[in-house]
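Right, one structure below, let's go through it.
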Amino acid sequence: MMTFTNIRPLREQLKEARFTAARNGKPIKIALVPTMGFLHEGHASLLRKARAENDLVVLSIFVNPIQFGPNEDFERYPRDPEKDLALAEREGVDCVFLPSVEEMYPQPTRTNIKVADLTDVLCGASRPGHFDGVTTVVGKLLHIVQPDRAYFGQKDAQQVAVIAQMVLDLNFDVEIVPCPIVRESDGLALSSRNVYLSAEERQAALVLSRSLLAVQAKANAEDNVTAGEVLAELRDSIGAEPLAVIDYVEIADFPGLSPLAGGDRLDVAGRQSDVLIAVAVKFGKTRLIDNVILTKKVND
């Protein structure tokens, strides 16, 4: 496993790998797994999928300052590069890119990538400018690595939708691969921010997966369930937890992210898109997101 802190040597290494493979008549597929580090089993699952489907795997670890708001947790965001490198090596990563802020942004950024509409809802409404920072840094990483595939966790479903739209609109030559949410045995979705939770807050946070999985099962099992009914059930269930402070509880089509009306049924045969049921809730100072997706139904 090779580790790079600068863009140029990484590019040169990947260029040489492509050239050597092509010369030997065996073109290679390169994967990128972009992360902010403090890696956990969710990240490991992305790396395993990337390893299984590609010839060369690049892991980037970069806590991106321009996606954090002025009162957010950039400075205290958890970091453990030694642990991250050990996990990367265990999962068979070929190249790790660990740039500094100065390497990624050597001067004030005057160019940003903004995806309209999809970033105005859900977390975009709560965190203005957040997704502009996400798309800008992901755009830079895709440009630097030029992967064939890039892997993202479905826990941040809005991020997956936004990046996929950016790739489509700007003709990036890359396949975006969404990967399922990985949960603890008790249901809590894995997140680097879980480390912030006290024992009491972590126990309280189980209300998210418990509530989401309950309404998912109801929507899949019953006829005529409406978006309004599911939203009310979610708000009641999560709101009953004293430590939970709801930021949003929403239902939208996916990946378009247009909100569903309260009377819209969730079980309509022939539905043209999946349905995202998403929540963002604070426990103490820690804001957690989680979601489930109802896959579209087709006519028999």
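On a predicted model such as this, the values are computed, not experimentally measured, just so you know.
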**Asked** Just by distance, do the side chain of Glu241 and the backbone of Ala205 share a donor-acceptor pair under 3.5 Å?
**Response** no

**Message:** What I want to check is whether the side chains of Gln216 and Asn220 have a donor and an acceptor closer together than 3.5 Å.
**Reply:** no

**Shared hydrophobic cluster for Leu141 and Met2 (ILVMFWY, side-chain gaps under 4.5 Å)** = yes

**Prompt:** Going only through I, L, V, M, F, W and Y residues with side-chain contacts under 4.5 Å, is there a path from Phe97 to Ile30?
**Reply:** yes

**Request:** Evaluate salt bridge (Lys or Arg N to Asp or Glu O under 4.0 Å) for Glu229 paired with Lys218, printing each intermediate quantity in order.
**Result:** CA-CA 10 Å; Glu229 291 169 348; Lys218 178 176 181 176; 5.2 Å; no

**Row check, Phe74 ring normal vs Arg79 NZ/CZ: under 6.0 Å, within 45°** = yes

**Prompt:** Is Asp186 salt-bridged to Arg202, going by a charged N under 4.0 Å from an acidic O?
**Reply:** yes

**Request:** Look at the side-chain heavy atoms of Ile, Leu, Val, Met, Phe, Trp and Tyr, link any pair under 4.5 Å apart, and say whether Val215 and Ile181 land in one connected group.
**Result:** no

**Request:** Answer yes if the side chains of Asn64 and Tyr77 hold a donor-acceptor pair under 3.5 Å, and no otherwise.
**Result:** no

**Asked** Do Met36 and Ser192 come within less than 4.5 Å of each other through their side chains, counting heavy atoms only?
**Response** no

**Request:** For Asp253 and Ser258, indicate whether the former's side chain and the latter's backbone hold a donor-acceptor pair under 3.5 Å.
**Result:** yes

**Prompt:** Which pair of non-hydrogen atoms, one from Gly92 and one from Arg51, has the smallest distance, and what is that distance?
**Reply:** O-NH1, 2.6 Å

**Asked** Do side-chain atoms of Asp84 reach the backbone of Leu39 as a donor and acceptor pair under 3.5 angstrom?
**Response** yes

**Message:** On a heavy-atom basis, which atom in Gly37 and which in Ile61 lie closest, and how many Å separate them?
**Reply:** CA-CG2, 3.6 Å

**Request:** Tell me, with the steps shown, if Ile144 and Arg11 meet side chain to side chain contact (heavy atoms under 4.5 Å, CB included).
**Result:** CA-CA 7 Å; Ile144 291 165; Arg11 277 180 160 166; 4.2 Å; yes

**Request:** Please say which of Asp290, Val249, Leu234 ends up in a side chain to side chain contact (heavy atoms under 4.5 Å, CB included) with Ile277.
**Result:** Leu234

**Asked** Should Leu190 and Glu184 count as side-chain neighbours, where that means a heavy-atom distance under 4.5 Å?
**Response** yes

**Asked** So which heavy atom on Arg287 is nearest to which on Ser126, and how close?
**Response** NH2-CB, 3.8 Å

**Message:** How long is the straight-line distance from CD of Gln158 back to CD of Glu250, given to the nearest 0.5 Å?
**Reply:** 10.0 Å

**Asked** Would you say Leu59 and Tyr151 make side-chain contact, with heavy atoms under 4.5 Å?
**Response** no

**Prompt:** Strictly by modelled atom types, are Ser237 and Glu233 linked by a side-chain donor-acceptor pair under 3.5 Å?
**Reply:** no

**Asked** What are the two closest heavy atoms between Glu72 and Gly69, and how far apart are they?
**Response** OE1-N, 2.6 Å

**Prompt:** Are Val137 and Leu46 grouped together when hydrophobic residues (ILVMFWY) are joined by side-chain heavy atoms under 4.5 angstrom apart?
**Reply:** no

**Message:** If you compare all heavy atoms of Val174 against all heavy atoms of Ala150, which two are closest, and at what distance to 0.1 Å?
**Reply:** CG2-N, 3.8 Å

**Asked** Under 3.5 Å, is there a donor-acceptor pair between the side chain of Thr35 and the main chain of Ser60?
**Response** yes

**Item:** Verdict with reasoning, Arg193 to Asp73, per salt bridge (Lys or Arg N to Asp or Glu O under 4.0 Å)
**Value:** CA-CA 10 Å; Arg193 287 187 168 94; Asp73 58 346; 3.0 Å; yes

**Request:** Would you check if Leu197 and Leu288 make a side-chain contact, meaning some heavy-atom pair closer than 4.5 Å?
**Result:** yes

**Message:** Are the side chains of Thr119 and Val134 in contact, using a 4.5 Å heavy-atom criterion?
**Reply:** no

**Request:** Determine whether Pro180 and Lys49 make a side-chain contact, defined as any pair of heavy atoms from C-beta on separated by less than 4.5 Å.
**Result:** no

**Request:** Could you tell me whether the side chain of Asp247 and the main chain of Cys123 form a donor-acceptor pair under 3.5 Å?
**Result:** no

**Request:** Work out which heavy atom in Ala44 is nearest to a heavy atom in Glu91; give both atom names and the distance.
**Result:** CB-OE2, 3.9 Å

**Prompt:** Would Leu32 and Phe62 show up in the same hydrophobic cluster when neighbours are defined by side-chain heavy atoms closer than 4.5 Å?
**Reply:** yes

**Message:** If you define the side chain from C-beta out and look only at heavy atoms, does anything of Leu14 sit under 4.5 Å from Leu56?
**Reply:** yes

**Asked** Are any of the side-chain heavy atoms of Met166 and Phe172 separated by less than 4.5 Å?
**Response** yes

**Request:** Please determine if Lys83 forms a cation-pi arrangement with Phe38, meaning its NZ or CZ atom is less than 6.0 Å from the six-membered ring centre and no more than 45° off the ring axis.
**Result:** yes

